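Got a structure for you, questions after.
Since the structure is predicted, the reported quantities are computational estimates derived from the model, not experimental observations.
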Amino acid sequence: MNLKKVTKITPDGKREIVESAIITEFSIILYVNDVKWMSMVCTSSYVKELAIGRLITEGVISGIDDIKKITVNEEGDSVYVELVKDINDISKEYKVLPEVSYENEWIFQMIQSFTKEGKLHKKTKAAHSCVLGRYGEVLFQCEDIGRHNAMDKAIGYMCLHKIKPEECMLFTSGRVPTEMAGKAIAAGIPILISKAVPTDRTLEMAKCYNLKLICKAWPDSFEIFN
């Protein structure tokens, strides 16, 4: 993050020079089995987790045991992943999630953690957040330029630390179209929470794969969509 002088104009025509916080754009290249696989625009934190999460949500791996070796270069802008299997063995078939239960208190604990953090967004208004929780306890929280990246980082953290996905829930700050719901399903996480809303197709996908959708999640209430 850095500061830039900008001209602020109010409805009464008043002009003022102020400092505005600008988010720092970073980019990484992900190599899989010595082949350049993907470039990603992101923030510079948790790039290893981002790489692992992206491999999971794209169906390249199912867990950390599919990775033989992962390294990040000194500059932090290149991640090298060596897989146990060949890159051509990709299967993006979603599996039905297990039936789980939760306490309302856990959801509000996740909401509370989300509202307390998000420092980068509060300063720049240009970042999305994702929170990984287990039984209401916050295990990991991150921010990124894109909501997809933030969720992949949380999923990558879960995978890297060998946390059971069926015990977890995710909180995302962004809207929930099918590609966001698909990430949770691909990771095996049965509860997805958002302060925003899902689409009609997301509701169909959630029903098909038994993903519990809790949206419009704010400190005073949340809505259960299925």
Side-chain angles (χ1 to χ4, degrees), residues 1-31 36-55 57-58 70-80 108-133 138-158 160 170-177 179-180 183-184 192-199 215-222:
M1 184 186 71
N2 52 69
L3 297 175
K4 179 178 175 60
K5 290 188 181 298
V6 299
T7 303
K8 180 180 179 181
I9 301 177
T10 56
D12 60 4
K14 182 180 177 181
R15 300 168 68 91
E16 181 183 4
I17 301 299
V18 298
E19 286 188 329
S20 185
I22 305 298
I23 197 166
T24 302
E25 184 175 310
F26 193 67
S27 61
I28 66 169
I29 299 175
L30 176 56
Y31 295 86
K36 181 180 177 181
W37 186 63
M38 181 180 288
S39 298
M40 292 180 278
V41 175
C42 56
T43 56
S44 60
S45 61
Y46 302 111
V47 295
K48 181 183 289 187
E49 287 81 356
L50 172 58
I52 294 171
R54 185 60 53 89
L55 290 171
T57 58
E58 290 297 319
I70 180 168
T71 56
V72 181
N73 70 343
E74 189 174 331
E75 294 76 16
D77 59 5
S78 295
V79 183
Y80 302 87
F108 284 116
Q109 286 171 345
M110 296 282 284
I111 295 169
Q112 185 179 34
S113 177
F114 167 77
T115 54
K116 283 183 178 179
E117 296 299 326
K119 296 177 181 178
L120 186 59
H121 177 73
K122 287 176 182 176
K123 291 179 179 179
T124 66
K125 309 302 180 189
H128 277 286
S129 299
C130 191
V131 184
L132 174 72
V138 173
L139 303 177
F140 177 77
Q141 185 160 355
C142 66
E143 292 181 278
D144 198 277
I145 293 172
R147 66 185 188 272
H148 298 76
N149 291 346
M151 185 178 286
D152 282 339
K153 287 178 178 181
I155 290 169
Y157 179 92
M158 178 193 74
L160 192 60
L170 287 171
F171 189 114
T172 176
S173 61
R175 299 179 304 280
V176 191
E179 66 260 34
M180 290 294 283
K183 286 181 180 292
L192 179 57
I193 311 162
S194 174
K195 72 170 190 176
V197 293
T199 66
C215 297
K216 296 185 181 180
W218 291 90
D220 60 346
S221 66
F222 61 82

- Message: Ile193 vs Thr172, test: side chain to side chain contact (heavy atoms under 4.5 Å, CB included). Steps then yes/no.
- Response: CA-CA 6 Å; Ile193 311 162; Thr172 176; over 6 Å; no

- Item | Interatomic distance, Met40 atom CE to Asp144 atom CG [nearest 0.5 angstrom] |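 Taking CE in Met40 and CG in Asp144, the distance rounds to 9.5 Å.
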
- Query: Going through the checks in order, is the side chain to side chain contact (heavy atoms under 4.5 Å, CB included) test met by Met151 and His128?
  - Reply: CA-CA 9 Å; Met151 185 178 286; His128 277 286; over 6 Å; no

- Please assess Leu50 against Val79 for the test side chain to side chain contact (heavy atoms under 4.5 Å, CB included), listing each intermediate value before the final yes or no. CA-CA 10 Å; Leu50 172 58; Val79 183; over 6 Å; no

- Item | Partners meeting ring-ring contact (aromatic ring centres under 6.0 Å, His included) with Tyr157 (sequence neighbours left out) |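 Testing Tyr157 for ring-ring contact (aromatic ring centres under 6.0 Å, His included), a comparison that skips the adjacent residues, returns Phe140, His161.
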
- Query: Should Met110 and Phe222 count as side-chain neighbours, where that means a heavy-atom distance under 4.5 Å?
  - Reply: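 Of all side-chain heavy-atom pairs linking Phe222 with Met110, none is under 4.5 Å.
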
- Message: I need the minimum non-hydrogen distance between Gly174 and Ser194, along with the two atoms involved.
- Response: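 Taking every non-hydrogen atom into account, O-OG, 2.6 Å.
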
- Message: Side chains of Arg54 and Asn149, heavy atoms from C-beta outward: is any pair under 4.5 Å?
- Response: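 Heavy-atom side-chain distance check passes, below 4.5 Å.
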
- Message: Given 3.5 Å as the limit, does a donor-acceptor pair link the side chain of Lys183 with the main chain of Gly53, or not?
- Response: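 Side chain of Lys183 to backbone of Gly53, a donor-acceptor pair under 3.5 Å: no, none is there.
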
- Inter-residue atom distance Cys130.SG - Phe171.CZ, 0.5 Å rounding: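 One finds 9.5 Å between SG of Cys130 and CZ of Phe171.
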
- Query: Got a sec, which residues hit ring-ring contact (aromatic ring centres under 6.0 Å, His included) with Tyr31, two or more places apart in sequence or on another chain?
  - Reply: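 Testing Tyr31 for ring-ring contact (aromatic ring centres under 6.0 Å, His included), a comparison that skips the adjacent residues, returns Tyr80.
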
- Task: State the OG-CD distance between Ser129 and Glu143, to the nearest 0.5 angstrom.
- Result: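 Spacing of OG (Ser129) from CD (Glu143) equals 4.0 Å.
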
- Message: If you compare all heavy atoms of Glu75 against all heavy atoms of Phe26, which two are closest, and at what distance to 0.1 Å?
- Response: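 It is O-CZ, 3.9 Å.
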
- Closest non-hydrogen atom pair between Ile111 and Ala217, with its separation: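 Nearest heavy atoms, Ile111 then Ala217: CD1-CB, 3.7 Å.
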
- Message: What's the separation between atom CD1 in Ile28 and atom OG1 in Thr43, rounded to the nearest 0.5 Å?
- Response: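 It is 9.5 Å, given to the nearest 0.5 Å.
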
- Message: Nearest 0.5 angstrom please: Ile9 CD1 to Lys14 NZ, how far?
- Response: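 Interatomic distance, Ile9 CD1 to Lys14 NZ, rounded to 0.5 Å: 12.5 Å.
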
- Kindly compute the distance separating CE (Met38) from CG (Leu55), expressed to the nearest 0.5 Å.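 Between atom CE of Met38 and atom CG of Leu55 there are 8.0 Å.
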
- May I have the step-by-step check of side chain to side chain contact (heavy atoms under 4.5 Å, CB included) for Leu132 and Leu170, ending in yes or no? CA-CA 5 Å; Leu132 174 72; Leu170 287 171; 3.8 Å; yes

- Do you know which two heavy atoms are closest between Ala196 and Cys215, and how far apart they sit?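 For Ala196 and Cys215, the tightest heavy-atom pair comes out as O-CB, 3.1 Å.
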
- Message: For a quick test of reading the model, state the closest non-hydrogen atom pair linking Met180 to Arg175 and the distance between them.
- Response: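 For Met180 and Arg175, the tightest heavy-atom pair comes out as CG-O, 3.9 Å.
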
- List the atom of Phe108, the atom of Ser221, and the distance in Å for their closest heavy-atom pair.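 Between these two residues, the closest heavy atoms are CE2-N, 3.9 Å.
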
- Message: Donor-acceptor check, side chain of Asn73 to backbone of Asp77, threshold 3.5 angstrom: yes or no?
- Response: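 Pair found, side chain donor or acceptor close to backbone of Asp77.
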
